Amino acid sequence: MIPQQVIEAKRDGLELSSADLEQFLVAYQAEEVAEEQMAAMLMAMYFRGLSPLELATLTDVMLHSGRRLDFTHLPGPCVDKHSTGGVGDKVSLILAPVVAELGAFVPMMSGRALGHTGGTLDKLESMEGFRTRMPLSQFREVVEKVGCAMIGQTPEIAPLDGRLYALRNVTGTVASIPLISASIMSKKLAEGLSGLVLDVKVGEGAFLPDKRDALILAQTMVALGAQRGLPVSALLTAMDRPLGIAVGNGLEVAEALECLRGGGPPELRELTVHLAAEMAAVCGLEADRAVARRRATAALTSGAALQRFARMVEAQGGPRGLDTGAEPCAAAPVCGEAPAERGGVIQRVRPRILGFGLISLGGGRTRRKQAIDPRVGFEILVRPGEAVERGQPLARVHVASNTDLERAREMVREAIVIGSEAPDPPPYPLVLDRVDSSGQGHETSSL
Ligand code: URA
């Protein structure tokens, strides 16, 4: 195989044979195809897309580049959720213990912040001592003992995806339906699950803001799972605004904990309960979603999910006593309000501006492996459609210094758009659509 010939064929819009694509990918893994050649191939794939055969080959080669976990010895189904990435999305932290309470095992493998979006691993690490890296044997032990555990992608799981993901992040090739689909599904197929739920974000804060693109992404991933024997369903959910109030790693952990203590923002609780019911259905635990939703709500209000979360955090080296009121994370040294400069109606709360704002305050990365400040972020106190008066606080900003305070206030003023009328178009419903293996989008009315 001559790598540049394969790249040229893809560049020119020809379909690569399975053999050629597999050889190219395996050679890259063996360092026989250079980074710059793979970068060129990814860009060709980004522009040309992938045929169904190419998509299947890419997914399978990434899946088989590492180990596959096996949880068949556990006395219950194994299920996970994966989000395509958003701002303020701390659902995983609440969802895993809730679903474990319903009777499933949740071996969650999560990612770090990507682009303007946050990552569950960074949130977890804002709790002092919490280990997101551990040998797979230990991960399996925590899942077995507690019912849920959360780690990062290990070098054993789809390592080819790990390398390609890092390369895509710095070559402008993330926002591609087939590349995202193969990346997510190769990792999830390696987890040895009985079911998977995808939270596909729609709106300005998503990698693919357009609803049609999000629907195709959901259908592509659901089909990849079904073809390989994994039941998958997807919810398309609103990311035209941040989810909940907190944006920033430590603040988001605190908000997740509030939710586990029976409070928290209603949208966050509602989405968690929806996803929990979907997970219970997809892994065969509870087909009646209304029953599962009631049980998930009870797990939150009774404190049972909180206790399980506290046990998981302790088992992974994090702070003790989260179920008896301990604070999970350190606070930022400076906190101030950002007041409205005029009265009116909130038109939009723009997640991308807040996501990039968080990075610029030190709460995200501009370089790989850069340390981040988990204490900084925003608490957004208003929602689209809400009326505000001049001087009313729109947000609380948590920053590292007085110099950052004014910068953060400016970000809030740019992100929160105030007008005179009700927002047009109106904000998205929290859950826009559902996709299952029939491949169809099912509007929310049928949920
Ligand atoms: N999440 C992933 O795991 N992969 C992508 O490509 C994008 C989001």
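Quick caveat: nothing in here was measured; it's all calculated off a predicted structure. In each ligand, atom 1 is the first atom listed, and ligand 1 is the first ligand listed.
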Point to revise | Heteroatom proximity flag, S83 to ligand 1, N/O under 3.5 Å | key: no

Check your understanding: With a cut-off of 6.0 Å (strictly less than), are more than 12 heavy atoms of other residues, nucleotides or ligands near CD of E128?
Key -> no

Point to revise | Closest approach of any protein heavy atom to atom 4 (N) of ligand 1, naming residue and atom | key: S183 OG, 2.7 Å

Review point. Which is it for E191 and K188 under the side-chain contact (heavy atoms from CB on, under 4.5 Å) test, yes or no, and what are the steps along the way?
Key: CA-CA 5 Å; E191 279 181 25; K188 296 293 137 182; 2.8 Å; yes

Point to revise | Cationic N near anionic O, under 4.0 Å, E410 to R407 | key: no

Exercise for review: Give a yes/no on ligand 1: does V174 have at least one heavy atom closer than 4.0 angstrom to it?
Suggested key: no

Check your understanding: Quick one: are L102 and M279 in side-chain contact, heavy atoms under 4.5 Å?
Key -> no

Check your understanding: What atoms of ligand 1 come within less than 4.0 Å of a heavy atom belonging to R168?
Key -> 5 (C), 6 (O)

Practice item. Would you mind telling me if ligand 1 is within reach of the side chain of F207, the backbone, both or neither, using heavy atoms under 4.0 Å? Key: neither

Check your understanding: Which protein heavy atom lies closest to atom 3 (O) of ligand 1, and at what distance to 0.1 Å?
Key -> K187 NZ, 2.6 Å

Exercise for review: Start with the C-alpha distance between F139 and Q316, add both sets of side-chain angles, then the distance that settles side-chain contact (heavy atoms from CB on, under 4.5 Å), and finish with yes or no.
Suggested key: CA-CA 9 Å; F139 176 56; Q316 296 195 226; 5.8 Å; no

Study note, to complete from the structure: A student checking ligand 1 against I184 at a 4.0 Å heavy-atom cut-off should list atoms 1 (N), 2 (C), 3 (O), 4 (N)

Practice item. Using a strict 4.0 Å threshold on nitrogen-to-oxygen distance, state whether E125 and R112 make a salt bridge. Key: yes

Point to revise | K201 vs D199, salt bridge (charged side-chain N to carboxylate O under 4.0 Å, His left out): CA-CA, chis, key distance, verdict | key: CA-CA 6 Å; K201 299 293 186 194; D199 181 0; 2.9 Å; yes

Point to revise | T84-ligand 1 polar pair, N/O distance under 3.5 Å | key: no

Revision key, fill the gap. among protein heavy atoms, the one nearest atom 2 (C) of ligand 1 is Y165 CE1, 3.2 Å

